[in-house]
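Scroll down for the structure; my scribbles are underneath it.
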Amino acid sequence: MTRLDRYFLPTEKQPPSDAEAISHKLMVRAGLIRQVGSGLWSWLPAGWRVHQRIVQIVREEMDRIGGQEMLMPVLHPAEPWRRTGRIAIDELFKLQDRKGADMVLAMTHEEIVTLHAAQSVRSYRDLQKILYHFQVKERDEPRPRAGVLRTREFIMKDAYTFDRDQAGLDENYAKHITAYDRMLERCGLEWYRVESDVGMMGGTGAHEYMAPCAAGENEVALAPGYAASVEIASATPQPVDLPPPLDEPELVPTPGLTTVEEVARSLGVPDGAVLKAYPIMAVDRGLILVLVRGDHRVNEIKLRNQLKEDFRPAREDEIAERIGPPGFIGPVGVDVPILLDEAVGDGGYITGANRPDHHLRGVEPGRHFPFERADVRRVEEGDTLAGHPIRIETAIEVGNIFKLGTRYSEPLGATYLDEKGQTQAIVMGSYGIGPARIAAAAVEQFADERGISWPRAIAPWDVELVGLGRYGTEERALAERLYEELQATGLEIVYDDRDAGPGEKFADAELLGVPLRLTVGKRTIASGELEVQIRRGQETRSVPLEGAAPAVAELWRTLP
RNA sequence: CGGGGCGUGGCGCAGCCUGGUAGCGCACUCGAUUUGGGGUCGAGAGGCCGCCGGUUCGAAUCCGGCCGCCCCGACCA
């Protein structure tokens, strides 16, 4: 029951000057959020209603798969974070209490929830469990951006599963996939579930839930029956016309030409006929020369996963000493292991000659240099999968699910005894979803030039009733009456009873994005018809005033 | 962390180069008028010009330092 006359809904005509993302601009303009500091946001009453609606959907779906809601603190002793090694993460806020004890602010809750399991789980009979909570996360982000899309403090629903073995984890993981699919479907988002990198969390498998939109920070590779984060995606490369290999590589002068484009143009071959050399220094194996086609890029995440160890780009002095002059390096005749991307086929390639201002022509992998093969390139728009071209979309990550395995249970001593009396590590999974990002993604996906257009499931209200005319008029009395009748349908109604002009009320209603807008004015009385605007698409309809409330409720149920 | 930019009433901006009275639009208050697309007229209130220091008779303006915020990139359990 909301009357705007007294509601804290500070709308703005102009967006913040420094805002770029649509959701940032509109959520501020519509009076949903306000900035407190870099990456720190308050949710104003209408915005919080959206957040709470999303939270409730998430809660219902978690409970449906047997999740048990609890609450863990934000402020933690540093000790468990030392044990898992995550104390070293730069994004982790660290502080001391008045006694000088080291503390951290939780960026997620694996450590604490695992400690609880370690304390209380004794036997295989105590498993499995799904525990979750909605709690604030604190992350010292290097660069907060785009309103609530990337913040230093946010609420996340994080769930943790505890199982006796991989099969149990797989089962719980599958349950979370169904729960997450349902959550996003119910929220009305356009979304994809994509395979993803396991990242710093370690583990044995992961998916991300992605909502495509312009302000997204992630990229998703899509093809019929395929969806993967670009971080790990693989595809069939576009073919390239290659000159034949030569018996012996031919030295060609390329003075000052250090980029693939320059070399290819100068020699009259496509970019893909040049081999791009990417020297890296791996932690264990040392210097390695990675080669990809000139029209491709190295994907560092795939490369790291292939190497199974960390690496950094080699320094110029390391390159000059072991390989050749930077800008003209290549695989022929060097004493460095070579990792050749799978997209490099048979034919005569152009490579650096390892001497200044020269390249080699007609170089064939295998014949002229030894190599180890691996898929380490970033997929590109136009690559194919089973004959279908892939497309790449930007998206924001709204949720993710991980098979953790024993990454946390081992260091924190979360074990159980099996039937044979053997001590076993608990097998865990973790599952996160961010209501704020879901809200922002919905704004991004459905906004138009007039403002926000909420999916009905997460709108701050179901119906906005605009009362025109001055206080005390007949039309206002009608609006009041209608307000009461609408309440009775069970819908959540916001009533614009402010003493403001019609233009301002219409503009604010469309900015706020409630799915249905009802207008009550003199015309309504004269015609006996109530005007209903469907926010998405701005289609206008009339319903008879008599029985209007149930008719509106019926219409509302048909909306996306 | 690298690059770029910005801090002036609540919001959006001008003024700064070339030192001297802080200004505009919207919002706000009061009165009148207006009520189906941000209407009109009149009268008002509101500003440590981010902070500290320096130069100067005088600093929003010039110089130095600091802080904050944004954008691009790197990074992102």
Query raised in the report: If you look at every strand shown and take non-hydrogen atoms under 4.0 Å, does A/E217 touch a base, only sugar-phosphate, or nothing?
Result: nothing
Query raised in the report: Ring centres of A/H207 and A/Y173 under 6.0 Å apart?
Result: yes
Query - d(CG, A/D5; P, B/U35) in whole Å - result: 20 Å
Requested in this report: Determine the interatomic distance between P on B/G2 and the same-named atom on B/G23; round to the nearest Å.
Outcome: 41 Å
So which protein nitrogen or oxygen atoms get under 3.5 Å of nucleotides 12-16 of chain B's nitrogens or oxygens?
{"unit_1": "B/G12", "atom_1": "OP1", "unit_2": "A/S17", "atom_2": "N", "d": "3.3"}
{"unit_1": "B/G12", "atom_1": "O4'", "unit_2": "A/Q14", "atom_2": "OE1", "d": "3.1"}
{"unit_1": "B/G12", "atom_1": "O2'", "unit_2": "A/Q14", "atom_2": "NE2", "d": "3.4"}
{"unit_1": "B/C13", "atom_1": "OP2", "unit_2": "A/S17", "atom_2": "OG", "d": "3.0"}

Query - Base B/G37 paired with A/E510 side chain (donor-acceptor, <3.5 Å) - result: yes
**Report entry** Inter-nucleotide C1' distance (B/U55, B/G19), Å rounded
**Finding:** 11 Å
Requested in this report: Scan A/R450 against the nucleic acid and name what it touches under 4.0 Å (heavy atoms): base, sugar-phosphate only, or nothing.
Outcome: base
Report task. Could you tell me the separation between the CG atom of A/D499 and the C1' atom of B/U34, rounded to a whole number of Å? Result -> 11 Å
Query - Rounded distance in Å - CZ (A/R304) to P (B/C75) - result: 8 Å
Query raised in the report: According to the Watson-Crick and G-U wobble definitions, with both distances under 3.5 Å, which nucleotide is paired to B/G47?
Result: none
Requested in this report: Taking atom types as modelled, find out whether A/Y408 and A/R86 have a side-chain donor-acceptor pair closer than 3.5 angstrom.
Outcome: yes
**Report entry** Nearest-angstrom distance, P atom, B/C24 to B/G9
**Finding:** 15 Å
Query - Watson-Crick/G-U partner (both atom distances under 3.5 Å) of B/C11 - result: B/G25
Query raised in the report: Who is the Watson-Crick or G-U wobble partner of B/A59, with both distances under 3.5 Å?
Result: none
Requested in this report: State the pairing partner of B/G64; accept Watson-Crick or G-U wobble contacts with both distances under 3.5 Å, and report none otherwise.
Outcome: B/C52
Query raised in the report: Between A/D496 (CG) and B/G38 (P), how many Å, whole number?
Result: 15 Å
Query raised in the report: Looking only at atom P, what distance separates B/G58 and B/G20, rounded to whole Å?
Result: 14 Å
Requested in this report: Scan A/R143 against the nucleic acid and name what it touches under 4.0 Å (heavy atoms): base, sugar-phosphate only, or nothing.
Outcome: base
Report summary line: Taking a pair to mean Watson-Crick or G-U wobble geometry with both distances below 3.5 Å, B/G2 pairs with B/C72
Report summary line: Against the side chain of A/A507, the closest entry in B/C11, B/U34, B/G37 is B/G37
Report task. Tell me what A/G37 touches on the nucleic acid: a base, only sugar-phosphate, or nothing, going by heavy atoms under 4.0 Å. Result -> sugar-phosphate
Query raised in the report: Under the 3.5 Å rule, do the base of B/G37 and the side chain of A/R517 count as making a donor-acceptor pair?
Result: yes
Query raised in the report: Under a 4.0 Å N-O cut-off, is there an ion pair linking A/E380 with A/R297?
Result: yes
Query raised in the report: NA contact type, A/N400, heavy-atom cut-off 4.0 Å: base, sugar-phosphate, or nothing?
Result: base
Query - Pair A/Y431-A/N400, side-chain donor/acceptor within less than 3.5 Å - result: no
Query raised in the report: With rounding to whole Å, what would you report as the distance between B/A60 and B/G54 at their P atoms?
Result: 15 Å
**Report entry** For B/C30, the Watson-Crick or wobble counterpart (both distances under 3.5 Å)
**Finding:** B/G42
**Report entry** Identified pairing partner of B/U18, criterion: Watson-Crick or G-U wobble below 3.5 Å
**Finding:** none
Report task. State whether the side chain of A/R3 and the backbone N or O of A/D496 hold a donor-acceptor pair below 3.5 Å, judged by distance alone. Result -> no
Query - Span that lies between the P atom of B/U8 and that of B/U61, in whole angstrom - result: 14 Å
Query - Which residue lies more 5' along RNA chain B, comparing A/R437 with A/Q35 via nearest heavy atoms - result: A/Q35
Query raised in the report: Are A/Y7 and A/W461 an aromatic pair by the rule of ring centers under 6.0 Å?
Result: yes
Report task. For B/C63 versus B/U56, give the span between their P atoms, rounded off to a whole number of Å. Result -> 16 Å
Query raised in the report: If you look at every strand shown and take non-hydrogen atoms under 4.0 Å, does A/T151 touch a base, only sugar-phosphate, or nothing?
Result: nothing
Query raised in the report: Which is true for A/A526 with a 4.0 Å heavy-atom rule: it touches a base, it touches only sugar-phosphate, or it touches nothing?
Result: nothing
Requested in this report: Answer yes or no: does a side-chain N or O of A/R145 lie under 4.0 Å from OP1 or OP2 of B/C69?
Outcome: no
Requested in this report: Grab the NZ-C1' distance between A/K522 and B/U35 for me, whole Å please.
Outcome: 7 Å
**Report entry** Expected output: side-chain A/R152 to main-chain A/S38 donor-acceptor under 3.5 Å
**Finding:** yes
Query raised in the report: Distance check: side-chain N/O of A/S38 vs OP1/OP2 of B/C70, anything under 4.0 Å?
Result: yes
Query raised in the report: Once you round it to whole Å, what is the distance between P of B/A27 and CZ of A/R29?
Result: 14 Å
Query - Residue whose closest nucleotide on RNA chain B lies nearer the 5' end, A/M156 versus A/E20 - result: A/E20
Query - For atom NZ of A/K13 and atom C1' of B/C11, their distance in whole Å - result: 11 Å
Report task. Decide whether A/Q96 and A/D102 meet the rule of one side-chain donor and one side-chain acceptor closer than 3.5 Å. Result -> yes
Query raised in the report: Can you tell me if A/Y192 and A/S229 form a side-chain donor-acceptor pair at under 3.5 Å?
Result: no
Requested in this report: Scan A/V494, A/V520, A/L465 and name whichever one has a side chain to side chain contact (heavy atoms under 4.5 Å, CB included) with A/Y483.
Outcome: A/L465
Requested in this report: Sort out the partner of B/G37 for me: Watson-Crick or G-U wobble, both distances under 3.5 Å, none otherwise.
Outcome: none
Query raised in the report: If you look at every strand shown and take non-hydrogen atoms under 4.0 Å, does A/A19 touch a base, only sugar-phosphate, or nothing?
Result: nothing
Query raised in the report: When the distance from CG of A/D508 to C1' of B/G37 is rounded to whole Å, what number comes out?
Result: 12 Å
Query raised in the report: Given the C1' atoms of B/G25 and B/G15, what is the spacing between them in whole Å?
Result: 15 Å
**Report entry** Sole candidate of A/R535, A/R517, A/R536 that passes salt bridge (charged side-chain N to carboxylate O under 4.0 Å, His left out) when paired with A/E510
**Finding:** A/R517
